[in-house]
Q: 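I have a structure here, written as structure tokens, and I will follow up with some questions on it.
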Amino acid sequence: MADAKVIPFDDDRSRGNGASGAGSAENGGSAAPRPSRRRGGAARRKGAAGAAGAAPAGEVQPLPVRGGAAREDDGTAPHGPSGTASGRPTGDEGAAGGDGGLERRIAGGLAFLRRRLTGNYEIDDFGYDAELTDQVLMSMLRPLYENYFRVEVKGVENIPAEGGALIVANHSGTLPLDGLMMQVAVHDHHPADRHLRLLAADLVFVLPVVNELARKLGHTLACAEDAERLLAQGELVGVMPEGFKGIGKPFGERYKLQRFGRGGFVSTALRQGAPIIPCSIVGAEEIYPMIGNSKTLARLLGFPYFPLTPTFPWLGPLGAVPLPTKWTIQFGEPIRTDGYAPEAAEDPVLMFNLTDQVREQIQHTLYKLLVQRRSVFF
């Protein structure tokens, strides 16, 4: 397995031709390789704008609604078979006796399976599968988000309703569950139903299964080229500049931000004129209290660290179960970058000052949330 690297934005070493095959702009590398667009022989999946046309032959139609006329719903709504933003049924459809809503959900589910089996769906150039994410992957993460970590979200209104923006968050927890929970927070709570595209380290894209799932969820390699391209397309991009230094730090250093590097994420935001939104996450530090690090095992396995916790590896697979801590995710006020000249992206003093401003705002919010927290678990 290739050696894992910290987020390439701030990597002080030159990027080689690693397993991911991509390097950062700072090193003169090229963007990450794009997976080929996967389509079936049938026509491309239709969006809401094309739903008014006649249904193609073989389209699965919903069963008639009891007590009223059947409503057209072929299950191709962009966020879920029930037509809701999160893919979950509304109160009327989920209530007992809501036969019509249940039938529509079944019909939508069958239509979804048909599209997956026939290949009649789309992924973008980065591998992001919007339909699979909304209807399956988010539904798998949501119980962990709502019932296990009981995440409380604050300041989601600070995320713009449209256009490119860069969310910068602290990173912790031994395993990168905080990034996934931040994705669910944006997906389920933002009024404009925005989706967060996370920038991930090289290691994510060399692990079997994890690589494919990350691509489907919209993650891409943390290099400047990919980040700028997503921002130029008006996407919401998430980055955690601490990288492995953040999630692999000892439990005694919890909630103390590590170095943010040379400000590569600030340079990217300046080039695109995208606002920077600081994000503070409390609760992730305690899910796997890291009391030790076996550097020998880490080198043998090609990992940046090998955590030793009170339960792992002593309890085997049971030790990999995270502790059910109570989380809070707070999005801060945006730091605008569209007022700077284009050449500002090359000004090291400005990048240092903006990087320090973002870091200090995240750290201050972390301390404030910790003071307000009643308990680690409640």
Q: Between Ser280 and Ile362, is there a donor-acceptor pair closer than 3.5 Å when you use the side chain of the first and the backbone of the second?
A: yes
Q: Other residues, nucleotides and ligands only: do more than 12 of their heavy atoms fall within 6.0 Å of CD on Gln372?
A: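 Yes, enclosed.
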Q: With hydrophobic residues grouped by side-chain heavy-atom distances under 4.5 Å, do Ile291 and Leu175 end up in a single group?
A: no
Q: Under 4.5 Å between any side-chain heavy atoms of Glu122 and Arg115, yes or no?
A: no
Q: Would the Phe205 and His219 ring centres measure less than 6.0 Å apart?
A: no
Q: Would you check if the side chain of Gln183 reaches a backbone N or O of Leu217 as a donor-acceptor pair within less than 3.5 Å?
A: yes
Q: Just so I know, are the side chains of Phe377 and Leu323 near enough to count as touching, which here means a heavy-atom distance under 4.5 Å?
A: yes
Q: I'd like to know if Asp129 and Arg116 make a salt bridge, using a cut-off of under 4.0 Å between side-chain N and carboxylate O.
A: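 Counted as a salt bridge, because a side-chain N and a carboxylate O are separated by less than 4.0 Å.
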Q: When you compare the side chain of Leu166 with that of Val239, does any pair of heavy atoms fall below 4.5 Å?
A: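 The answer is yes, as the side chains (C-beta and beyond) meet within the 4.5 Å cut-off.
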Q: I'd like to know if the side chain of Glu286 pairs up with that of Tyr255 as donor and acceptor (distance under 3.5 Å, no hydrogens or angles considered).
A: yes
Q: Arg215 side chain to Glu212 main-chain N or O, any donor-acceptor pair under 3.5 Å?
A: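 Answer holds: no.
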Q: What is the minimum heavy-atom distance between Ile287 and Leu177, and which atoms define it?
A: CD1-CD1, 3.8 Å
Q: Can a salt bridge be assigned to the pair Lys249 and Glu285 using a cut-off of 4.0 Å between side-chain N and carboxylate O?
A: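 Glu285 and Lys249: salt-bridged.
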Q: Consider only side-chain heavy atoms of I, L, V, M, F, W and Y, link residues closer than 4.5 Å, and tell whether Phe251 and Ile247 are in one cluster.
A: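 Hydrophobic grouping puts Phe251 apart from Ile247.
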Q: When you compare the side chain of Met182 with that of Leu196, does any pair of heavy atoms fall below 4.5 Å?
A: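 In contact.
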Q: Does the Asn170 side chain pair with the main chain of Ile281, one donor and one acceptor, at a distance under 3.5 Å?
A: yes
Q: Which residues satisfy the side-chain hydrogen bond (donor to acceptor under 3.5 Å, both in side chains) test with Thr133, sequence neighbours excluded?
A: none
Q: Please give me the minimum heavy-atom distance between Gly332 and Asn158, naming the atom from each residue.
A: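 Answer, listing the atom of Gly332 first, then Asn158: O-CB, 3.2 Å.
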Q: Look at the aromatic rings of Trp327 and Phe149 and report parallel, tilted or perpendicular, splitting at 30° and 60°.
A: parallel
Q: Just checking, is any N or O donor in the side chain of Asp134 or His195 under 3.5 Å from an acceptor N or O on the other one?
A: no
Q: Among side-chain atoms of Arg271 and Ser267, is any donor-acceptor pair under 3.5 angstrom?
A: yes
Q: Under the salt bridge (Lys or Arg N to Asp or Glu O under 4.0 Å) criterion, do Glu152 and Lys326 qualify, and how do the steps go?
A: CA-CA 8 Å; Glu152 179 183 358; Lys326 176 73 170 63; 3.8 Å; yes
Q: Measure the shortest side-chain to side-chain distance between Val151 and Ile329 over non-hydrogen atoms and say whether it is less than 4.5 angstrom.
A: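 Yes, side chains in contact.
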Q: How far apart are the closest heavy atoms of Asp178 and Ser172, and which atoms are they?
A: OD2-N, 2.9 Å
Q: Would you check if Arg229 and Phe126 make a side-chain contact, meaning some heavy-atom pair closer than 4.5 Å?
A: yes
Q: Is there side-chain contact between Pro275 and Ile335, with heavy atoms separated by less than 4.5 Å?
A: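 Not touching, per the 4.5 Å side-chain cut-off.
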Q: If you define the side chain from C-beta out and look only at heavy atoms, does anything of Phe331 sit under 4.5 Å from Val186?
A: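 Of all side-chain heavy-atom pairs linking Val186 with Phe331, at least one is under 4.5 Å.
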Q: Between CD of Glu343 and CG of Asp347, what distance do you get to the nearest 0.5 Å?
A: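 So the gap between those two atoms works out to 9.5 Å.
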Q: Would a single hydrophobic cluster contain both Leu318 and Tyr288, if residues Ile, Leu, Val, Met, Phe, Trp and Tyr are joined by side-chain heavy-atom contacts under 4.5 Å?
A: yes
Q: Could you tell me whether a side-chain N or O of Thr337 sits under 3.5 Å from a main-chain N or O of Ala274, the two making a donor and an acceptor?
A: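 The answer is yes, because a donor-acceptor pair under 3.5 Å joins these two groups.
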Q: Are Leu144 and Val321 joined in one hydrophobic group, where the rule is that I, L, V, M, F, W and Y side chains link up if heavy atoms are under 4.5 Å apart?
A: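 Yes; Val321 is reachable from Leu144 via cluster members.
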